[in-house]
Amino acid sequence: MRCYLNEVTQNDFEDVKQIYTNEQVRKYLGGIIPDEHTFAKFLDTLNRNDKADSFFWVVRLKGSNQFIGLVSLDKHIDGGTELSYEFLPFYWGQGFASEVTIRVIKYAFAELGISKLLAETQIANLGSCKLLERVGMKMERTIQRFGAEQGIFSIQNDGVALN
């Protein structure tokens with residue numbers, strides 16, 4: 001692994017704020033979060049991270065400790081556990097998101113005993129759809145939500161090792 005995951009703490013606010021306010025990152029997530037709302041959103045993340053079934057991690061490069069993204073396991077709006085990720089654009093296309101999502105999937109299955117993970121992304125977000133397929137997730141269905149067509153992807157814990 002070229003990066004590591006740390007549980008989100010209050011010290012991570014300025015780093016995570018980069019995700020909230022980046023137009024490219026937020027293009028398929030409802031747009032940027034205005035500055036005056038970023039701290040409230042961050043506090044919500046911290047509060048949800050305290051729950052037994054919600055996990056939020058910052059992703060940092062080994063060696064430099066450079067912040068590159070955010071990844072989580074949390075309740076999906078329709079039930080079940082959702083894998084979610086957001087990476088700064090400079091790190092797109094370099095395999096970091098694949099490495100991290102595979103690691104989180106393995107953790108969810110092996111350490112948490114979760115039998116199925118979901119991920120939801122806009123169908124228009126081709127990069128995210130390809131990433132989910134690359135890590136072994138399959139499209140279950142599409143739905144209209146948040147004003148756009150969303151793809152619901154899933155992966156089952158069938159004991160098969162992920163690459």
Side-chain angles (χ1 to χ4, degrees), residues 1-22 24-33 37-62 65-89 91-92 94-122 125 127-137 140 143 145-146 148 150-157 162:
M1 285 290 291
R2 299 173 293 163
C3 48
Y4 64 93
L5 309 179
N6 277 343
E7 186 175 316
V8 174
T9 70
Q10 257 187 315
N11 295 335
D12 296 313
F13 172 66
E14 289 301 324
D15 288 333
V16 174
K17 184 178 175 182
Q18 294 176 68
I19 293 286
Y20 295 163
T21 59
N22 185 290
Q24 288 176 277
V25 172
R26 301 290 307 170
K27 180 177 180 178
Y28 299 106
L29 298 170
I32 63 167
I33 298 169
H37 299 296
T38 57
F39 192 67
K41 168 120 172 101
F42 183 74
L43 285 179
D44 178 59
T45 296
L46 283 177
N47 290 334
R48 288 185 8 232
N49 201 40
D50 287 339
K51 308 287 187 257
D53 53 0
S54 297
F55 305 86
F56 293 83
W57 299 278
V58 291
V59 182
R60 296 185 181 280
L61 292 178
K62 285 185 177 174
N65 199 39
Q66 177 66 40
F67 172 82
I68 67 170
L70 189 64
V71 63
S72 66
L73 292 172
D74 200 10
K75 290 180 182 173
H76 185 262
I77 193 167
D78 297 332
T81 303
E82 179 178 17
L83 166 68
S84 185
Y85 48 83
E86 299 168 84
F87 285 82
L88 293 172
Y91 300 97
W92 294 356
Q94 299 179 48
F96 290 111
S98 293
E99 285 181 28
V100 168
T101 54
I102 288 170
R103 187 179 197 180
V104 171
I105 291 168
K106 287 178 179 180
Y107 175 77
F109 290 167
E111 302 298 323
L112 301 177
I114 294 171
S115 60
K116 179 181 178 180
L117 283 177
L118 301 172
E120 182 171 338
T121 190
Q122 281 190 27
N125 188 345
S128 188
C129 291
K130 287 178 185 175
L131 168 68
L132 293 171
E133 290 170 348
R134 192 168 39 255
V135 302
M137 297 188 93
E140 268 189 14
I143 59 168
R145 186 174 6 237
F146 311 119
Q150 307 286 331
I152 307 295
F153 290 77
S154 69
I155 188 169
Q156 298 277 346
N157 183 0
L162 297 167

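Scope of the values below: all heavy atoms of this structure, side chains included, with no hydrogens, waters or symmetry mates. In this chain, residues are counted from 1 in sequence order. These numbers were taken from a predicted model, which means no experiment stands behind them.
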>> Counting C-beta onward and ignoring hydrogens, is there a side-chain heavy-atom pair between Leu73 and Trp57 closer than 4.5 Å?
In response: yes
> Between Val8, Asp12, Val16, which is the residue that forms a side-chain contact (heavy atoms from CB on, under 4.5 Å) with Phe56?
Replying inline: Val8
>> Rounded at 0.5 Å granularity, tell me how far CZ in Phe13 sits from CZ in Phe39.
In response: 6.0 Å
>> Show, in sequence, the C-alpha distance, side-chain angles and deciding distance for Leu5 and Tyr107, and conclude whether the side-chain contact (heavy atoms from CB on, under 4.5 Å) test is met.
In response: CA-CA 12 Å; Leu5 309 179; Tyr107 175 77; over 6 Å; no
> Distance-only, no hydrogens or angles: does the Asn22 side chain make a donor-acceptor pair with backbone N or O of Ile19 under 3.5 Å?
Replying inline: no
>> Quick one: does any side-chain atom of Lys116 pair with a main-chain N or O of Ser154 as donor and acceptor, under 3.5 Å?
In response: no
> Say you draw a straight line from OG of Ser128 to CZ of Arg134; how long is it, rounded to the nearest 0.5 Å?
Replying inline: 10.0 Å
>> Checking side-chain polar atoms at under 3.5 Å, does Ser115 have a donor or acceptor matched by the opposite partner on Asn157?
In response: no
> Side-chain contact, heavy-atom cut-off 4.5 Å: Thr121 with Tyr28?
Replying inline: no
>> If I compare all heavy atoms of Glu82 with all of Ala119, which pair ends up nearest, and what's the gap?
In response: CG-CA, 4.2 Å
> Does any non-hydrogen side-chain atom of Leu83 lie less than 4.5 Å from one of Phe153?
Replying inline: no
>> Could you tell me if Arg48 and Ser54 have a donor-acceptor pair between their side chains, going purely by distance under 3.5 Å?
In response: no
> Out of curiosity, Phe55 CZ to Asn49 CG, how far, rounded to the nearest 0.5 Å?
Replying inline: 8.0 Å
>> Could you report the tightest heavy-atom contact between Ala97 and Leu131, atom names first, then the distance?
In response: CB-CD2, 3.8 Å
> How about Ile152 and Arg145: do any of their side-chain heavy atoms sit closer than 4.5 Å?
Replying inline: yes
>> Minimum heavy-atom separation for Pro89 and Val25, please, with both atom names.
In response: CD-CG2, 3.6 Å
>> Can you give me the closest heavy-atom contact between Gln94 and Tyr91, atom names plus distance?
In response: NE2-CA, 3.5 Å
> side-chain contact (heavy atoms from CB on, under 4.5 Å) with Leu117: which of Thr81, Thr101, Leu112, Val104?
Replying inline: Thr81
> So, the side chain of Asn47 versus the backbone of Leu43: is there a donor-acceptor pair under 3.5 Å, distance only?
Replying inline: yes
> Got a donor-acceptor contact below 3.5 angstrom from the Gln18 side chain to the Leu88 backbone?
Replying inline: no
